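Right, one structure below, let's go through it.
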Amino acid sequence: MPELPEVETVRRGLAPAMEGAFIAELELRRRDLRFPFPNALADRVSGRTIVGLGRRAKYLLVDLDDGNTLISHLGMSGSFRMEEGAASAMPGEFHHARSKDEKHDHVVFHLQGPNGARRVIYNDPRRFGFMDMVGRADLAAHPFFRDLGPEPTGNELGAAYLAERFRDKAQPLKSALLDQKNIAGLGNIYVCEALWRAHLSPLRAAGTLVTRGGRPKQQLDLLVVSIRDVIADAIAAGGSSLRDHIQADGSLGYFQHSFSVYDREGEACGTPGCGGTVARIVQAGRSTFYCAACQK
């Protein structure tokens with residue numbers, strides 16, 4: 001599943017082509033993805049102008065000039081690509097090949113912009129992605145968003161906020177960080193990386209980072225900084241681009257090559273002077289990578 005940095009990479013890649021463009025036609029080549037498309041979606045989107053392209057957690061948000069927002073989730077293997085004329089914009093070398101089978105091209109935005117016509121195509125071999133439509137004013141109350149916590153890079157996320165959420169919690173720290181009600185968009189890969197940077201064990205109780213009086217301990221301050229930094233680094237590198245995920249222009253980010261613990265079971269810990277080894281355990285059905293020697 002692509003994580004927040006991957007989705008932000010897609011948003012930034014699509015924005016120059018989509019923002020301000022007129023949607024001559026939204027072409028739906030099947031009735032559903034993971035879920036059925038909303039009723040009359042093609043008719044509601046065709047003829048509209050895209051006024052903005054945003055993101056909330058792992059969702060792409062296409063804001064239209066009639067006050068509606070098209071919501072898109074990439075699922076496991078969903079991706080967008082841009083085409084202009086007869087050529088497909090796919091620069092760069094691929095670490096993992098994208099699907100080029102047109103039978104997996106399920107949604108096509110036929111766009112008109114200042115530089116002429118182009119197509120933005122959604123391809124999804126596994127069809128775990130989905131799309132929905134909601135009025136922008138009602139977005140926060142939508143079932144996808146109403147229970148989400150603050151963004152990991154937003155001003156709302158701070159040690160005091162997490163102290164309030166974690167106080168007296170025996171829940172493992174990693175599980176607490178993956179709870180989207182606590183932090184929106186933070187996923188398995190970057191939780192592992194942030195915990196390693198903060199030298200915190202994924203197994204320790206979340207409440208141990210909070211004083212009896214409810215104040216954040218210094219370790220929680222460091223964890224917030226680590227979360228912000230690891231997400232910022234991943235966005236700057238273009239997302240981790242693991243397995244099926246690709247950037248909007250067809251190129252790939254290579255942040256996965258600089259992971260410190262994720263998918264590095266049995267390798268030496270990168271913390272200077274540690275001497276430990278990266279281990280893999282399973283928590284709530286997901287792989288956790290950490291160094292027991294320096295993460296306490």
Side-chain angles (χ1 to χ4, degrees), residues 1-10 55 57-58 74 95-96 149-154 157-159 162 165-166 171-180 182-206 208-209 216 218-245 247 252-296:
M1 188 76 71
E3 298 196 20
L4 185 153
E6 284 74 54
V7 180
E8 178 63 16
T9 296
V10 171
R55 179 194 55 75
K58 302 175 186 179
L74 297 175
H95 184 65
H96 297 286
E151 294 279 319
T153 56
L157 180 65
L162 287 182
R165 301 289 300 184
F166 291 173
Q171 183 183 26
L173 182 55
K174 185 193 175 193
S175 298
L177 292 173
L178 287 174
D179 186 342
Q180 300 297 291
N182 292 330
I183 305 175
L186 199 57
N188 191 49
I189 296 171
Y190 300 112
V191 167
C192 290
E193 292 295 298
L195 288 172
W196 177 81
R197 292 192 186 198
H199 305 297
L200 293 172
S201 170
L203 297 168
R204 71 180 293 165
T208 62
L209 300 181
Q218 186 175 2
Q219 294 160 305
L220 191 52
D221 286 307
L222 179 58
L223 177 59
V224 171
V225 173
S226 298
I227 291 170
R228 291 182 182 277
D229 287 349
V230 76
I231 294 295
D233 287 348
I235 291 173
S240 66
S241 303
L242 291 178
R243 192 138 186 197
D244 293 322
H245 182 72
Q247 293 187 27
L252 290 178
Y254 290 95
F255 183 63
Q256 72 267 34
H257 294 313
S258 62
F259 285 159
S260 298
V261 287
Y262 185 82
D263 204 23
R264 292 190 57 190
E265 180 183 8
E267 297 184 29
C269 175
T271 300
C274 171
T277 301
V278 176
R280 174 187 174 273
I281 59 173
V282 177
Q283 293 179 282
R286 297 185 180 185
S287 293
T288 296
F289 297 90
Y290 79 113
C291 175
C294 68
Q295 290 180 243
K296 303 297 184 180

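Since this is a predicted model, take the numbers as computed values, not measurements. Quick note: numbers below take in every heavy atom, side chains included, and nothing from hydrogens, waters or symmetry partners. Throughout, residue positions are numbered sequentially from 1 according to the sequence presented.
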Main chain of Leu178, side chain of Gln180: is a donor-acceptor contact present, judged purely on distance under 3.5 Å? yes

List the atom of Cys291, the atom of Cys274, and the distance in Å for their closest heavy-atom pair. SG-SG, 3.6 Å

Partners of Glu151 by side-chain hydrogen bond (donor to acceptor under 3.5 Å, both in side chains), sequence neighbours excluded? Arg55, Arg56

If only atom types and distance count, is the side chain of Arg204 paired as donor or acceptor with the main-chain N or O of Leu173 below 3.5 Å? no

Is the backbone N or O of Thr288 less than 3.5 Å from a side-chain atom of Gln283, with the two atoms forming a donor-acceptor pair by type? no

Main-chain N/O of Ser287 paired with Asn188 side-chain donor or acceptor, under 3.5 Å: yes

For side chain to side chain contact (heavy atoms under 4.5 Å, CB included), just list the numbers for Tyr290 and Leu203, CA-CA rounded to whole Å, side-chain angles, deciding distance to a tenth of an Å, and then say yes or no. CA-CA 10 Å; Tyr290 79 113; Leu203 297 168; 3.6 Å; yes

Heavy atoms of Leu157 and Pro150 approach each other most closely as N-CB, 4.2 Å

For the atom pair CG (Leu4) and CD1 (Ile235), what is the distance rounded to the nearest 0.5 Å? 5.5 Å

Residues at least two apart in sequence or cross-chain that pass ring-ring contact (aromatic ring centres under 6.0 Å, His included) with Phe166, listed by chain then number, are none

Val191 and Ile227: CA distance, side-chain angles, deciding distance, side chain to side chain contact (heavy atoms under 4.5 Å, CB included) verdict: CA-CA 8 Å; Val191 167; Ile227 291 170; over 6 Å; no

Derivation and outcome, side chain to side chain contact (heavy atoms under 4.5 Å, CB included), residues Lys174 and Cys192: CA-CA 8 Å; Lys174 185 193 175 193; Cys192 290; 4.3 Å; yes

Test log, rule side chain to side chain contact (heavy atoms under 4.5 Å, CB included), inputs Leu162 and Leu209: CA-CA 9 Å; Leu162 287 182; Leu209 300 181; over 6 Å; no

Minimum-distance pair of heavy atoms, taken over all atoms of Tyr190 and Glu3: CD1-OE1, 2.9 Å

Heavy-atom nearest pair, Pro202 first then Gln295, reads CD-NE2, 4.0 Å

Euclidean distance, Leu200 CG relative to Lys296 NZ, rounded to 0.5 Å: 12.0 Å

Specify the closest pair of heavy atoms between Gly276 and Ala293, including all atoms of both residues, with the distance to one decimal. CA-CB, 3.9 Å

Qualifying residue, where the test is side chain to side chain donor-acceptor pair (under 3.5 Å) with Arg197 and the options are Asp229, Thr271, Asp233: Asp233

Say whether, by atom type as modelled, one donor and one acceptor occur between the side chain of Glu8 and the main chain of Ala57 under 3.5 angstrom. no

Check: Val261 main-chain N/O paired with Glu193 side-chain donor or acceptor under 3.5 Å: yes

Could you measure the distance from the CG atom of Asp263 to the CD1 atom of Ile189? Nearest 0.5 Å is fine. 9.0 Å

Taking Ala176's backbone N and O only, do any of them form a donor-acceptor pair with Arg165's side chain (distance below 3.5 Å, no angle check)? no

